[in-house]
**Q** 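Here's a structure for you.
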Amino acid sequence: MTAPIPRDIPGLPALPGTTPALLPSFVPATAVVPPVRRPLTAAYRLVLALVATGAVLVETLLGSPARVLSHFAVQSTVLLALVMFASARRAWSTRHPLPGTVTGATLLYVVMAALVHHLLPRLPMTGGATGITDASWPATLADHTLHTVLPIAAVLDWLLLSPPARTHLRQAAAWLLYPLAYLAFTLTRGELLPDSPARYLYPFLDVARHGYRSVLANALLLGLAFYALAVLVVALDHTRPNPVRRRSKTGFRL
């Protein structure tokens with residue numbers, strides 16, 4: 001009986017057409033390209049986190065802490081401070097940036113809170129945007145910082161210091177879960193505080209004045225605006241250039 005001829009004999013070249021094809025690699029680029037320390041980015045984000053923390057502390061000290069911390073703008077600013085602290089640490093310690101889902105959601109919440117504050121009609125309500133009646137300069141400065149300075153600074157960080165994360169539309173839909181949960185929270189809070197003059201945190205969500213039909217209609221319009229802004233964030237994330245420059249000859253990097 002004749003033994004079968006082996007396909008590959010040691011010391012001889014491989015037969016044509018028998019070399020196995022290389023499988024495609026699914027390793028992301030971030031796992032291949034080593035991160036670089038970015039001290040200027042870390043410093044900017046650290047300052048942004050400290051300013052956000054200071055604004056929330058001033059608002060809390062000047063008003064009722066429970067009421068102030070119940071506002072969407074304050075909660076989104078707290079989230080911004082936490083994200084900026086973590087991002088500053090990662091930029092300084094040469095670690096990969098936070099996932100785009102986290103940074104995109106934070107940007108969406110902060111910007112949407114600022115747009116609601118500046119664009120919606122200022123209907124009568126108790127106190128200012130966070131229920132603070134103090135008109136002193138610390139309260140005014142904290143209010144402008146919360147609703148103007150920090151959202152602009154967050155947009156600049158996302159555009160100029162953050163690489164595109166290639167987010168998806170399904171993530172934009174998931175970002176709406178927190179606003180929906182906040183809507184349920186604020187309506188439940190109003191029902192649990194029937195005798196409080198500040199039972200509803202926002203005038204367009206005042207069920208006692210407008211009824212549930214009008215309030216839910218307002219919430220639907222606001223939710224559509226939320227989703228439109230989320231889609232815009234995703235679209236910009238796919239079209240904007242990468243602001244994080246490659247390592248130069250001097251090793252300097254933003």
**Q** Yes or no on side-chain contact (heavy atoms from CB on, under 4.5 Å) for D237 and V234, after CA distance, side-chain angles and deciding distance?
**A** CA-CA 5 Å; D237 191 39; V234 172; 5.5 Å; no
**Q** So which heavy atom on T101 is nearest to which on Q171, and how close?
**A**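 In this case the closest contact between T101 and Q171 is OG1-NE2, 2.9 Å.
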**Q** If you define the side chain from C-beta out and look only at heavy atoms, does anything of D143 sit under 4.5 Å from E59?
**A**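 Heavy-atom side-chain distance check passes, below 4.5 Å.
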**Q** Does anything in residues 147-168 pair up under salt bridge (charged side-chain N to carboxylate O under 4.0 Å, His left out), and if so which pairs, sequence neighbours excluded?
**A**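 Listed by first then second residue: R45-D157.
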**Q** Taking the six-membered ring for Trp and the single ring otherwise, decide whether the centroids of F204 and H210 are under 6.0 Å apart.
**A**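 F204 vs H210: aromatic centres not under 6.0 Å.
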**Q** So how far is it from L183 CG to N218 CG, rounded to the nearest 0.5 Å?
**A**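 These two atoms lie 10.5 Å from each other.
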**Q** According to the interplanar angle, ranging from 0 to 90°, do the rings of H147 and H117 count as parallel (below 30°), tilted (30 to 60°) or perpendicular (above 60°)?
**A**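 It falls in the parallel class, under 30°.
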**Q** Run V207 and R199 through side-chain contact (heavy atoms from CB on, under 4.5 Å) and show every step you take.
**A** CA-CA 10 Å; V207 176; R199 54 188 296 198; over 6 Å; no
**Q** What closest approach, in Å, do A153 and L48 show between heavy atoms, and which atom pair accounts for it?
**A**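 Minimum heavy-atom contact is CB-CD1, 3.5 Å.
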**Q** Is it true that L119 and V155 fall in one hydrophobic cluster, defined by side-chain heavy atoms closer than 4.5 Å?
**A**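 Yes; tracing contacts between hydrophobic side chains, which count when under 4.5 Å, links both residues.
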**Q** Hey, does W158 have a side-chain heavy atom less than 4.5 Å from the side chain of V111?
**A**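 Counting from C-beta outward, V111 and W158 never come under 4.5 Å.
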**Q** I need the minimum non-hydrogen distance between T106 and L80, along with the two atoms involved.
**A**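 The pair with the smallest heavy-atom distance is CG2-CA, 3.6 Å.
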**Q** Would you check, one step at a time, whether the test side-chain contact (heavy atoms from CB on, under 4.5 Å) holds for R67 with L201?
**A** CA-CA 8 Å; R67 175 172 167 79; L201 300 172; 3.4 Å; yes
**Q** Should L69 and L193 be regarded as members of a common hydrophobic cluster, given that ILVMFWY residues are connected when their side-chain heavy atoms come within less than 4.5 Å of each other, either directly or indirectly?
**A**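 No; tracing contacts between hydrophobic side chains, which count when under 4.5 Å, never links both residues.
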**Q** To the closest 0.5 Å, what do you measure between CG (L40) and CH2 (W92)?
**A**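 If I round to the nearest 0.5 Å, the distance is 9.5 Å.
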**Q** Measuring from atom OG1 of T148 to atom CD1 of I152, what distance do you get when rounded to the nearest 0.5 angstrom?
**A**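 T148 atom OG1 to I152 atom CD1 measures 6.5 Å (nearest 0.5 Å).
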**Q** Locate the shortest heavy-atom distance separating P151 from T145; write the atom from each residue and the value.
**A**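 So the two residues come closest at CD-O, 4.2 Å.
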**Q** Can you confirm whether L107 sits close enough to T103 that some side-chain heavy atom of one is under 4.5 Å from a side-chain heavy atom of the other?
**A**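 When only atoms from C-beta onward are counted, T103 and L107 do not touch, as no gap falls below 4.5 Å.
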**Q** Between OH of Y202 and OH of Y182, what distance do you get to the nearest 0.5 Å?
**A**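 Y202 OH to Y182 OH: 4.0 Å, rounded to 0.5 Å.
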**Q** Test L229 against L115 for side-chain contact (heavy atoms from CB on, under 4.5 Å), laying out the working first.
**A** CA-CA 11 Å; L229 184 60; L115 292 177; 4.3 Å; yes
**Q** Going only through I, L, V, M, F, W and Y residues with side-chain contacts under 4.5 Å, is there a path from L224 to L216?
**A**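 Looking at the clustering, L216 is in a separate group from L224.
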**Q** I need the minimum non-hydrogen distance between T53 and A81, along with the two atoms involved.
**A**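 T53 and A81 have their closest heavy atoms at OG1-CB, 3.7 Å.
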**Q** Can you list the residues that meet the side chain to side chain contact (heavy atoms under 4.5 Å, CB included) rule with A49, with sequence neighbours excluded?
**A**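 Result, side chain to side chain contact (heavy atoms under 4.5 Å, CB included) vs A49: M84, F85.
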**Q** Verify the cluster assignment for V47 and L150: are they in a single hydrophobic cluster under the rule of side-chain heavy atoms below 4.5 Å apart?
**A**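 Hydrophobic grouping puts V47 with L150.
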**Q** State plainly whether one hydrophobic cluster holds both V149 and L156, where clusters connect Ile, Leu, Val, Met, Phe, Trp and Tyr through side-chain heavy atoms under 4.5 angstrom apart.
**A**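 In one cluster with V149: L156, no.
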**Q** Is the shortest heavy-atom distance from the side chain of W175 to the side chain of V233 under 4.5 Å?
**A**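 W175 reaches V233 side chain to side chain.
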**Q** What closest approach, in Å, do L187 and L205 show between heavy atoms, and which atom pair accounts for it?
**A**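 Smallest interatomic distance, heavy atoms only, reads CD2-O, 4.1 Å.
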**Q** For residues V116 and F72, determine if any side-chain heavy atom of one lies less than 4.5 Å from a side-chain heavy atom of the other.
**A**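 V116 does not reach F72 side chain to side chain.
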**Q** Say you draw a straight line from CZ of R38 to CZ of R95; how long is it, rounded to the nearest 0.5 Å?
**A**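 The CZ atom of R38 sits 14.5 Å away from the CZ atom of R95.
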**Q** Which side-chain hydrogen bond (donor to acceptor under 3.5 Å, both in side chains) pairs, counting each pair once, include a residue from residues 74-90, with sequence neighbours left out?
**A**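 Found Q75-Y178.
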